[in-house]
Structure formats: structure tokens, C-alpha cells
Chemist: 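Below is a structure I'd like to ask you about.
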Amino acid sequence: MAVERNDFIRDIIDDDLAAGRHTTVATRFPPEPNGYLHIGHAKAICVDFGVARDYQGTCNLRYDDTNPVKEDVEYVKSIEADVRWLGFEPSAVLFSADYFPKMYELAERLVTEGKAYVCDLTDEQIKEYRGTLSEPGRPSPFRDRSVEENLDLLRRMQAGEFPDGARVLRAKIDMASANMKMRDPLLYRIRHAHHHRSGDRWKIYPMYDYAHPLEDGIEGITHSICTLEFENNRELYDWVLDNTGPWATRPHQYEMARLVLDYTVMSKRKLLTLVQQKLVNGWDDPRMPTIAAMRRRGYSAAAIRAFCDMIGIAKANSSVDIGKLEYCIRDDLNHTAPRVLGVLRPIEVELVGWTGETEMLEAPLFPPDVGKPGSRQVPFSGRVLIDRDDWRDDPPKDYQRLAPGRTVRLRYGYCISGAEVVERDPAGNVTRLRAKVDLDTTGGKNPADGRKVSGVIHWVDAASSLPVEVRLYDRLFKVPSPEEGGGDFLEHLDPSSLEIVTGARVEASLATAEIGSRWQLERVGYFIVDQDTKPGAIVMNRIITLRDQRTVATTAKTPAAPETERKINAKAQTRPKGKSPAEYRAEARARDPELATAHTRLSALPGITADHADLLAGDRDTAALFVAVAETVAPELAAKWIINELPRALGDTPIGTVAADQLAQLLRAVADGSLNPSAAKGVLAELVRTGKPFSELRAAQTAPALDLVPAIDAVIAANPEKAAQYKAGKTGLLGFFVGQVMKSAPGADAAAVNRAVRDRLG
RNA sequence: UCGGGGAUCGUCUAAUGGCAGGACGCAAGACUCUGACUCUUGCUAUCUAGGUUCGAAUCCUAGUCCCCGAACCA
């Protein structure tokens, strides 16, 4: 059931399915109901639900509501609404709180088994005992309480006998672990707080690291996908599951990079600041990155899903160009938004030569290439409004709109020409024009006298058009990374990210436009009818501008953050460099005299460099393997294979499992030329994987084709264009041909194939 | 006693020892009753240095840079 899309998560699932570790896929999207969902969550939703959809599995919406003091039903509602709006149907809507009884039962079991204890240290003391990144922690003085006492205290914690913070339940793991998360992590804390779902029943609440794996286990989640910052938590996730099972399906956690987007901020705290300081108009202000805001802005769910597909899934931290989002929005709207005419900042144009009648012009709702039917009637009555941008007293050379002496077409209507200024406002902006209408120019007909039409401009009928308030939204921040540079991110707010235009006019057909309907105002941009619209008072939000080559060419792009000065973080000082592998090997030898002896002995072997010796004598298993193999094989050959080739064959299997005599046999065959190196690599992989004896594996090798020429010619014949490219100089294709031949003749001597292919291709 | 991750066109991402590919972007051109859309063509990348190999983005070694981890948050 492998899927075409390629990302590391789906690779893992394909492997799991192929290996029979799972027969179905179960995922979950586990938000904490403590805020509104944003575009970052949208990515997670698309991954979690998307994976389930691709493999016909399930995906639960599960509220990770283990901290009653931060959570609220308001968020619960908005989250589910957002998920559904995005187009995903949860297989189930669940609450961690509903598992509290089971979690508590398992906690008592951990206590009973001596794997958890009640600790009376204060939070400061706990922190102190935990040690630091580079120093081990110390055991809590309460670590060795008896099972009976622990059980009694735990029960009394839940009975409400102790105040908040008095005691915690901790896992008894390892205070000296290099992973801070494993230094006796907290499992439960006391919270006398009302929970939005479980009410006042519980006096103790589980911590994320305890609750989350159990939730996954209880629900039978197969692939628990989260973000990179939880990598360190995985060891604890596994510990909890392994010490509470058995689980019918044992979940595994996988981490992917979270979404970072240009020109915005995503952290809950910063978003809250924007709302609280009224720098935006609430959580659904169309400039916000929340899903509610994007919905109000006019982004469609399909566009957001397309964006999430476009950016992919990987483990590398990255920052996505907001232009990609904008592309997806435009691409979606181009196919879905009907075209209408509207003018943002009107100039009135009196048309000389018009009959005075009102004529209805037919205008299609979509351009031909979109291929959707429909049209509407647009009234035309001799007085029109055009956009201020479409008139220039003194136009630049490439100007394609109205100016003195120019002829332009009114979209879907007549050509006009001979425009002259009638009136200006005090600032000098033109407010009224008079122009001549060229009759008999509808239907795309050009003026009979052969005048050139410079362009097509949009317009509305002065008499019948509707007033509309237009809200022009743009990126909230002026810089791509408002959080960088150490300063206050608010300094980078763009004050012109919202511009309200009050005098705009749209064509009469929009009188009945519904709230939430999306339109393209031709040549202006895409707009949505906002919920603030009242009868007779239309409000439209600009979703996004049209792509505009003209401005791109003239407006210099915002320069990238000038000085990417290294972040001076205080943490850096407390982070001494870790030891290198070389140091570890040296230390191992210092500790282990036997290893040290091996090192000096094998350093003296012929063909063994100091680097080889260091690598081979870094641990006992490797050293032992090498020594054993080198008894019957040239040391240099043994060293190269053990150092360079064995690791790949090994993967995660420990080197100690490799049978030295079998490896030696293999290398002897390589040395005497009876087994070519490329075939030997395949045999080595099998040797490690299956543990079968070399002799058997070797016999199973298909005999290499004696005559390679036919095989090579067949490949060349099958790929004539590649052969031509190769002859034309694309020598990189040599590898392609060799690869193809090797596929048809496994076990062949690749070096010989390589030479032969080169000969045949001339 | 530090540990865990990561680095491929400007950006995002693919290639699981065998053609460095796609998308966004950018540039030029075509088309056009939207300076839109569409189409064509082009642009640009394997962090560095060694090694193994017929062949390395991929395996080995050394180095560089970036991210995460010491809440009774998730």
C-alpha cells in the first residue's frame, strides 16, 4: 500500500507495513486547548490526517488537556471547528482527561513495582538536584521510600490532603542520565484546580511526558508524529510505554520540523501580545497567522492544504518563503473566484459622445482559460469611474493605461480616448476627466481609424455602482524574521499592513453577494465579502493582490535581514563543546589496557595507518574482529573493509555479531580475485543480515554473465537518447548505464562493466 | 557528563552507492479585452577537507555552522 508521496514519515510507514510491524495506521492530532490554532498547526493537521487518509487509517483529534489552569472550553470548540474547516474529519474526538483513571491506575502500578516515588522536594530543590547539562544530578532524599509509603502518599495526594506544590510523583529512572528528561522526571503534580472536562474530581494531574505516551497507547496509535523539540522526550516516551504495557499496538514517536513562515510570528505568547495590545483586531484579524484569521482573510481550506503539501515534511529546520503561501492562495482563487469590476480610488470620467441611454454589457464571470461558464450584465451609462492608478498626466514610456492622447479600452466595453482633466483636488490629484467614447468598439473591436489601444482598464458605472468599504491587508511585519536580531519583534510591525479604503465602488451585481463569497476585482486583486457587511454597506477584505510583474520590476524587494549577526545567546556559554569520537576512543584505550595493547600491536601491522589503528582499536568488539580477520587476510584489506564497508552493512546491528571467520573467508575470496568487490559487498550485506555462512551465500550468487557485451548492448538499445547524450558529452550517464547493466547481471564485476560500457559507447 | 538532532539551487523539498529532479522565485519570449492566467526557454545547489569505491549528496574520518534539552508547560 505504498504511497507515491515521498517523505521520511511515509517511508517509515511503508517499511513498517512491509515488515508486518503494523497492518493499519493510526495517528492523532493532539493540541492542548489553550489557544487558537495557527498555520503551524495546519501543517501538523495535514500531516497527521493526511497520513491516515493516504493509508486508509485513522486519525483522532485528541485534546491534550492535562493542565487545567491553562485550558478552556472556548478553545476546544474553536479547534474542532478549525480542523473540520480545513477539511478533515476526525476518526474520534477524544480528551486526555477521560484517561485520567487509567493513567492513575498505571501510576499506582509503577509505584508498586518500585518504578516511581513520591518526592517532597520543592521545585527549587528538584531543579538543584537535577544537575546541569554537563553535570550529573543527585538522587532525591525521598527516592528510596518504601512502596507502602509511596502508595499511601500518592493516594493522599489524590485525596486532596496536600496543597499545590507540596509533593510530586516521579519516575525512578536515572539521575545521572545524559538526557535531562530521564533524571527522575515528574509524573504527577498536585493541582487544586477546576478542569474544563473532569471538573473537580482530580487533585493531581499527569505531566505531558507521562500522559502523552499513555494516550497514544490507549488509543492504539501506531505513528505518533510531533515536532523536533520533542526529540529528547522520546526516550522517556519509550520508557513510559515499556513500563506500563503490554500494549496491543506499541506506538512510536517520530519528529518532524515545525513550520516557520516568513514575515510573521507563530508563538502563542507573541500572538497574544498582538491581540492584547490591540495591534491587531483580535485572533481572527486577517493579518494573523491563525486559522480563524486566514479563514476571515479569505484563504480557502484547499489553498492551505495545497500549501502544506507543497512545503513537504523533513527534519531540517527551515523557514518557508511566504511567497509560496501566496502562490497557493492565488492559484486556488484563480480557479474559484468569479471576476467582477471594482474601483478602489475612483476618478469620474464623463464620456462625450454617449447617447445617454443605459446599455447592458455582457461580461463573463471567468476568463476562457479557467473554462467555467457564467456571465452577468454590467450597466454602462455614459459616466464611469476608473481607478486613480489608471490615469497619468505624464505617463512613462511603457504605460499601458489612460493618459493624454491615449486610447484605452474599458473592460468588456468601449474604447475611450482624448481624455482631458476637468477637476483636481487640492493635492493635485485628478478627480474628474472628460473623454470621448469610441462607439462601435465593443466586442473587442478596435477603433475604425486604426488608433492603437494602449491597454484595458477596469471601471464601474457611476450611476449604478455600489459603495464599499475595502480593507487592504498586507504582511504584518516589514522583515522576514521579526523574531531575529534580539530586539522587540513589535518594532518590525508594518503600520501599513492594514489600509482601509472608504470611497471604493463595485459593480451593481455585487449587491447580493453573500458574506464569505470570494471575487476577483479584475486588475486589482482577490476579495472576500467580510462578516461586517450590513445590508447596503458592503465590506470587502483584500485576500491577496494579483501577481504584478510591473511592481516587481520597479519596486526593490525588501532586502534580506542585513546583518545576520550571530545570535548571542546566554545558553552558548553554558554549552562547552562535546567530546569528539576520537577522544572517546583514546579514553577507551586509557581505561582498558587490553585495548591499548591491541592498539599498539595493530599499529605495527603492514599497511595499517595510524588512523586505521585508531579506528580499529576504539572498542573491544571492533578490535577483536579485526585481529581475528587479519590473521588470515592482509591487514590493509581487512582494515578497509571493516572501516569503510562494514558500517553500511551493519546499520544498527552491533559489530560484535559479525562472525570473524566468515568475514575472513569473504575477504580471502576478494583477495584472490575469485569474488569481485561489487559482488562481495552484496554478500557482506547478506552475511550480516542473515548470519548465514559465507559459502552458502556465495553459492547463491548468480554466476556473473560471462559475456557482458550483449547485456550492455541491450541497455544501450533500450536507452538510445541517453546513449546519444552520453556521446554528446554527458559523461555522468556512465553511472546510469553501469547501474542498469548491474541490475540485469547481479554479481557482475562492476569495474569490468564500467570499462566495457565505456568501450561500447565509444 | 554533556546529550540529542540537522546542513542539497535565493526558498521549500526529492534522489535510500548509479542521470543531482520537482515546486516556488527570478529572467527572457509567446499569448492576452486582467501588466492576471497559460505556454516556451533559461537561471542557480550537494557545508569544508581528506579517504573508501569502477562510481559518493549517500559509506568512513576530521572539521565548520545551525537547532533542541536543565517548567510542578505542552
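Residue numbering restarts at 1 for every chain, and letters A, B, ... go by the order of the sequence lines.
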Chemist: Looking at every strand, decide which applies to A:L733 at a 4.0 Å heavy-atom threshold: base, sugar-phosphate, or nothing.
Modeler: base

Chemist: For nucleotides B:rC68 and B:rA36, find the distance between their C1' atoms and express it as a whole number of Å.
Modeler: 44 Å

Chemist: Strictly below 4.0 Å, N to O, side chains only: are A:R170 and A:D184 in salt-bridge contact?
Modeler: no

Chemist: Counting Watson-Crick and G-U wobble pairs only, both distances under 3.5 Å, name the nucleotide matched with B:rA56, or none.
Modeler: none

Chemist: With the side chain of A:L133 defined as its heavy atoms from C-beta on, choose the nearest nucleotide among B:rU34, B:rA74, B:rC2.
Modeler: B:rC2

Chemist: If I pick the P atom on B:rA45 and the same atom on B:rG10, what distance separates them, to the nearest angstrom?
Modeler: 7 Å

Chemist: How is A:Q740 classified with respect to the nucleic acid when contacts are heavy atoms under 4.0 Å: base, sugar-phosphate, or nothing?
Modeler: nothing

Chemist: Centres of the A:Y210 and A:Y188 rings: under 6.0 Å?
Modeler: yes

Chemist: Taking 4.0 Å as the cut-off, does a side-chain nitrogen or oxygen of A:Y327 come that near to OP1 or OP2 on B:rC24?
Modeler: yes

Chemist: Please work out whether B:rA49 sits syn or anti, treating a glycosidic angle within 90° of 0 as syn.
Modeler: anti

Chemist: So, does A:R62 get its side chain near the phosphate of B:rA74, meaning an N or O under 4.0 Å from OP1 or OP2?
Modeler: no

Chemist: Hunt down the Watson-Crick or G-U wobble partner of B:rG25, both distances under 3.5 Å, from any strand shown, or write none.
Modeler: B:rC43

Chemist: For a quick check, tell me whether the side chain of A:R401 and the base of B:rG35 share a donor-acceptor pair closer than 3.5 Å.
Modeler: yes

Chemist: Is there a side-chain polar atom (N or O) of A:S319 under 4.0 Å from OP1 or OP2 of B:rU11?
Modeler: no

Chemist: Quick check: on RNA chain B, is the nucleotide nearest A:V320 upstream (toward 5') of the one nearest A:Y399, or the reverse? Name the residue that is more 5'.
Modeler: A:V320

Chemist: In whole Å, I'd like the distance from the CD atom of A:E231 to the P atom of B:rG5.
Modeler: 7 Å

Chemist: Say you pick atom P in B:rU48 and the same atom in B:rU64; how far apart are they, in whole Å?
Modeler: 15 Å

Chemist: Considering just the side-chain nitrogens and oxygens of A:R547, establish if one lies under 4.0 Å of OP1 or OP2 belonging to B:rC37.
Modeler: yes

Chemist: Just to confirm, is there a sub-4.0 Å distance from OP1 or OP2 of B:rA74 to any side-chain nitrogen or oxygen of A:R189?
Modeler: yes

Chemist: Give one of base, sugar-phosphate or nothing for A:N67, where a contact means two heavy atoms less than 4.0 Å apart.
Modeler: sugar-phosphate

Chemist: Can you figure out which of B:rG35, B:rG51, B:rC12 approaches the side chain of A:R523 most closely?
Modeler: B:rG35

Chemist: Side-chain N or O of A:K640 less than 4.0 angstrom from OP1 or OP2 on B:rC60?
Modeler: no

Chemist: More than 12 non-hydrogen atoms from neighbouring residues, nucleotides or ligands closer than 6.0 Å to NZ on A:K743, yes or no?
Modeler: no

Chemist: Considering just the side-chain nitrogens and oxygens of A:R585, establish if one lies under 4.0 Å of OP1 or OP2 belonging to B:rA62.
Modeler: yes

Chemist: Over all strands shown, is A:R183 touching base, sugar-phosphate only, or nothing at heavy-atom distances under 4.0 angstrom?
Modeler: base

Chemist: Does A:K127 put a side-chain nitrogen or oxygen below 4.0 Å from OP1 or OP2 of B:rA71?
Modeler: yes

Chemist: For A:G732, report the nucleic acid contact type (base, sugar-phosphate, nothing); a contact means any heavy atom under 4.0 Å.
Modeler: sugar-phosphate

Chemist: Using a 6.0 Å distance limit plus a 45 degree cone around the ring axis, check whether A:R191 lies over the aromatic ring of A:Y205.
Modeler: no

Chemist: Please classify the nucleic acid contact of A:Q400 as base, sugar-phosphate, or nothing, using heavy-atom distances under 4.0 Å.
Modeler: base

Chemist: Mind checking if A:A316 touches a base, just sugar-phosphate, or nothing, with heavy atoms under 4.0 Å?
Modeler: sugar-phosphate

Chemist: Please name the nucleotide paired to B:rU8 by Watson-Crick or G-U wobble geometry with both distances under 3.5 Å, or report none.
Modeler: none

Chemist: B:rC2, B:rG35, B:rC68: which one has an atom nearest the side-chain heavy atoms of A:D398?
Modeler: B:rG35

Chemist: Any donor-acceptor pair under 3.5 Å between the side chain of A:Q520 and the base of B:rU34?
Modeler: yes

Chemist: Among the candidates B:rC2, B:rA74, B:rG18, find the nucleotide nearest to the side-chain atoms of A:S134.
Modeler: B:rC2

Chemist: By nearest atom, which of the nucleotides B:rG5, B:rC12, B:rG55 is closest to the A:N754 side chain?
Modeler: B:rG55

Chemist: For A:H458 and B:rU32, what is the distance between atoms NE2 and P respectively, to the nearest whole Å?
Modeler: 22 Å

Chemist: B:rC9 and B:rA57: how far apart are their C1' atoms, nearest whole angstrom?
Modeler: 14 Å

Chemist: Classify the nucleic acid contact of A:K681 as base, sugar-phosphate or nothing, counting any heavy atom under 4.0 Å across all strands shown.
Modeler: base

Chemist: Is it the case that B:rC67 (base atoms only) and A:N317 (side chain only) share a donor and an acceptor within less than 3.5 Å, ignoring hydrogens and angles?
Modeler: no

Chemist: Check the phosphate of B:rA36 against A:R339, side-chain N and O only, distance under 4.0 Å to OP1 or OP2. Yes or no?
Modeler: no

Chemist: Side chain of A:K324 only, heavy atoms from C-beta on: which candidate in B:rA74, B:rA36, B:rA23 is closest?
Modeler: B:rA23

Chemist: Quick one: label A:I643 by what it contacts on the DNA or RNA (base, sugar-phosphate, nothing), any heavy atom closer than 4.0 Å.
Modeler: sugar-phosphate

Chemist: Reckon A:T66 touches a base, only the sugar-phosphate, or nothing at all at heavy-atom distances under 4.0 Å?
Modeler: sugar-phosphate

Chemist: Do NZ/NE/NH1/NH2 and the carboxylate oxygens of A:K579 and A:E587 come within less than 4.0 Å?
Modeler: yes

Chemist: Work out which heavy atom in A:R138 is nearest to a heavy atom in A:M175; give both atom names and the distance.
Modeler: O-CE, 3.3 Å

Chemist: Provide the Watson-Crick or G-U wobble partner of B:rU38, both distances under 3.5 Å; none if there is no partner.
Modeler: B:rA30

Chemist: If you measure from the Lys or Arg side-chain nitrogens to the Asp or Glu carboxylate oxygens, is any gap between A:R401 and A:D389 under 4.0 Å?
Modeler: no

Chemist: Looking for any heavy atom pair under 4.0 Å, which part of the strands does A:M207 touch: base, sugar-phosphate only, or nothing?
Modeler: sugar-phosphate

Chemist: Could you check whether A:E231 pairs with A:K315 (Lys NZ or Arg NE/NH1/NH2 to Asp/Glu carboxylate O, under 4.0 Å)?
Modeler: yes

Chemist: Out of B:rA74, B:rG35, B:rA20, which has the shortest distance to the side chain of A:E32?
Modeler: B:rA74

Chemist: Would you mind checking if A:E215 and A:R28 are paired as a salt bridge, meaning a charged N to carboxylate O distance below 4.0 Å?
Modeler: no

Chemist: It should be established whether A:N6 places a side-chain nitrogen or oxygen under 4.0 Å from OP1 or OP2 of nucleotide B:rA14.
Modeler: no

Chemist: Go through B:rA23, B:rA14, B:rU34 for me and flag the one nearest to the A:D7 side chain.
Modeler: B:rA14

Chemist: Give one of base, sugar-phosphate or nothing for A:D164, where a contact means two heavy atoms less than 4.0 Å apart.
Modeler: nothing

Chemist: Hey, does the side chain of A:S678 come within less than 4.0 Å of B:rC54's phosphate (OP1/OP2), counting only N and O?
Modeler: no

Chemist: Across the strands shown, which category fits A:G137 at heavy-atom distances under 4.0 angstrom: base, sugar-phosphate, nothing?
Modeler: nothing

Chemist: Side chain of A:P677: nearest nucleotide among B:rC54, B:rU58, B:rU11?
Modeler: B:rC54

Chemist: So which nucleotide does B:rC2 pair with, by the Watson-Crick or G-U wobble rule with both distances under 3.5 Å?
Modeler: B:rG69

Chemist: Name the nucleic acid region contacted by A:I313, choosing base, sugar-phosphate or nothing; use a 4.0 angstrom heavy-atom cut-off, strictly under.
Modeler: sugar-phosphate

Chemist: Under 6.0 Å between the ring centres of A:F230 and A:Y237?
Modeler: no

Chemist: Using the closest heavy atom to pick a nucleotide of RNA chain B for each, name whichever of A:K445 or A:G312 lands nearer the 5' end.
Modeler: A:G312

Chemist: Does A:N644 get its side chain close enough to the base of B:rG51, under 3.5 Å, for a donor-acceptor pair?
Modeler: yes

Chemist: Which nucleotide in the set B:rG4, B:rC37, B:rC72 lies at the smallest distance from any side-chain heavy atom of A:D369?
Modeler: B:rC37

Chemist: Under 4.0 Å from OP1 or OP2 of B:rC72: is there any side-chain N or O of A:R130 that close?
Modeler: yes

